[in-house]
Number of protein chains: 2
Amino acid sequence: MDDKLDAIFSALADPTRRAILGRLANGKATVAELADPFELSQPAISKHLKVLEQAGLIRSGREANSRPRVLEPAALKTVADWVADYRRFWDQSFDRLDDYLSKVQGYDND
Amino acid sequence: MDDKLDAIFSALADPTRRAILGRLANGKATVAELADPFELSQPAISKHLKVLEQAGLIRSGREANSRPRVLEPAALKTVADWVADYRRFWDQSFDRLDDYLSKVQGYDND
DNA sequence: TAGCTATATAACCATATGGATATATGCTAC
DNA sequence: GTAGCATATATCCATATGGTTATATAGCTA
């Protein structure tokens with residue numbers, strides 16, 4: 001799991017890659033579409049995509065001539081789970097909210 | 001803000017640095033205390049601490065002979081906020097929960 | 001002041017990263 | 001099967017990163 005976090009955080013450390021994820025939040029996109037906003041060569045984008053894919057943040061599809069990418073949410077959830085352990089340090093209402101939710105019927109507060 | 005995220009994610013990409021944050025979650029600690037669990041030289045730890053500090057994840061204090069470090073929660077909140085934008089992709093109950101909380105009196109759901 | 005403790009900085013090294021250009025591969029269309 | 005499009009891979013380069021050892025700095029203690 002530590003290795004996963006290494007790869008995920010490392011992938012997220014680059015603004016181009018975060019922007020690519022942002023684009024993929026709107027749905028799948030081809031490499032050309034993902035490359036469009038940037039003044040980078042196509043191989044540079046392919047490299048970024050490889051980093052994202054190896055971190056498990058995206059997945060490659062197969063569609064006729066192209067290989068569209070889609071978001072892979074699990075890796076992002078890994079980040080959310082990691083950072084949630086620190087939530088009490090900044091969110092003073094966390095404990096109160098947590099208590100509250102645990103009393104609400106039908107809500108699974110794990 | 002993008003620069004901040006670069007530095008923060010980059011700092012978090014190293015397991016030694018994440019372990020240091022984990023230790024600091026238990027309260028402030030000196031450099032020697034932070035170095036203790038690792039088979040790394042003292043300068044290596046100092047370097048890691050510098051990276052964490054420049055990312056805003058920790059802060060240095062002054063105490064007699066030593067310079068204890070403490071957690072700086074704001075940077076971690078920055079991560080939480082960033083990743084929260086993607087929450088809908090993995091958490092199917094997010095929308096429902098969000099709706100629910102917005103109706104609850106006295107709870108600020110920002 | 002001298003020595004000890006805690007930490008920082010300097011210099012160096014090997015490997016990783018992010019970019020480029022050139023070329024290869026795999027489909028599609030003719 | 002040849003051409004063209006979309007994407008991947010190879011090679012190369014400059015800079016960044018993470019480690020080391022050696023040394024400097026700052027505060028405490030005798």
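Lettering of chains follows the sequences in order, A, B, ..., and the numbering in each one begins at 1.
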**Rounded distance in Å - CZ (R67(A)) to P (dC5(D))** = 17 Å

Does [X] make a side-chain N or O approach to OP1 or OP2 of [N] shorter than 4.0 Å?
X      : N       : value
H48(B) : dT17(D) : no
S41(A) : dA20(C) : yes
R69(B) : dT7(C)  : no

**Item:** N65(A) (side chain) and dG26(C) (base): donor-acceptor pair under 3.5 Å
**Value:** yes

**Q42(A) (side chain) and dA8(D) (base): donor-acceptor pair under 3.5 Å** =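 Donor-acceptor pair under 3.5 Å: yes.
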
**Request:** Establish whether V83(B) and Y86(A) are linked, either directly or via other cluster members, by ILVMFWY side-chain heavy-atom contacts under 4.5 Å.
**Result:** yes

**Complete:** Judged by nearest nucleotide, the residue sitting upstream toward the 5' end of DNA chain C, S66(B) or K47(A), is S66(B)

**Prompt:** Of R62(A) and S10(A), whose nearest nucleotide on DNA chain C comes first from the 5' end?
**Reply:**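 By nearest-heavy-atom nucleotide position, the 5'-most residue is S10(A).
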
**Complete:** Between A11(B) and A55(B) the two heavy atoms that sit nearest each other are CB-CB, 3.8 Å

**Prompt:** Which distance, rounded to the nearest 0.5 Å, do you find between the CG of D81(A) and the CG of L5(A)?
**Reply:**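 The CG atom of L5(A) is 9.5 Å from CG of D81(A), to the nearest 0.5 Å.
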
**Message:** Mind checking if I45(B) touches a base, just sugar-phosphate, or nothing, with heavy atoms under 4.0 Å?
**Reply:** nothing

**Prompt:** Is K77(B) salt-bridged to D91(A), cutoff N-O under 4.0 Å?
**Reply:** no

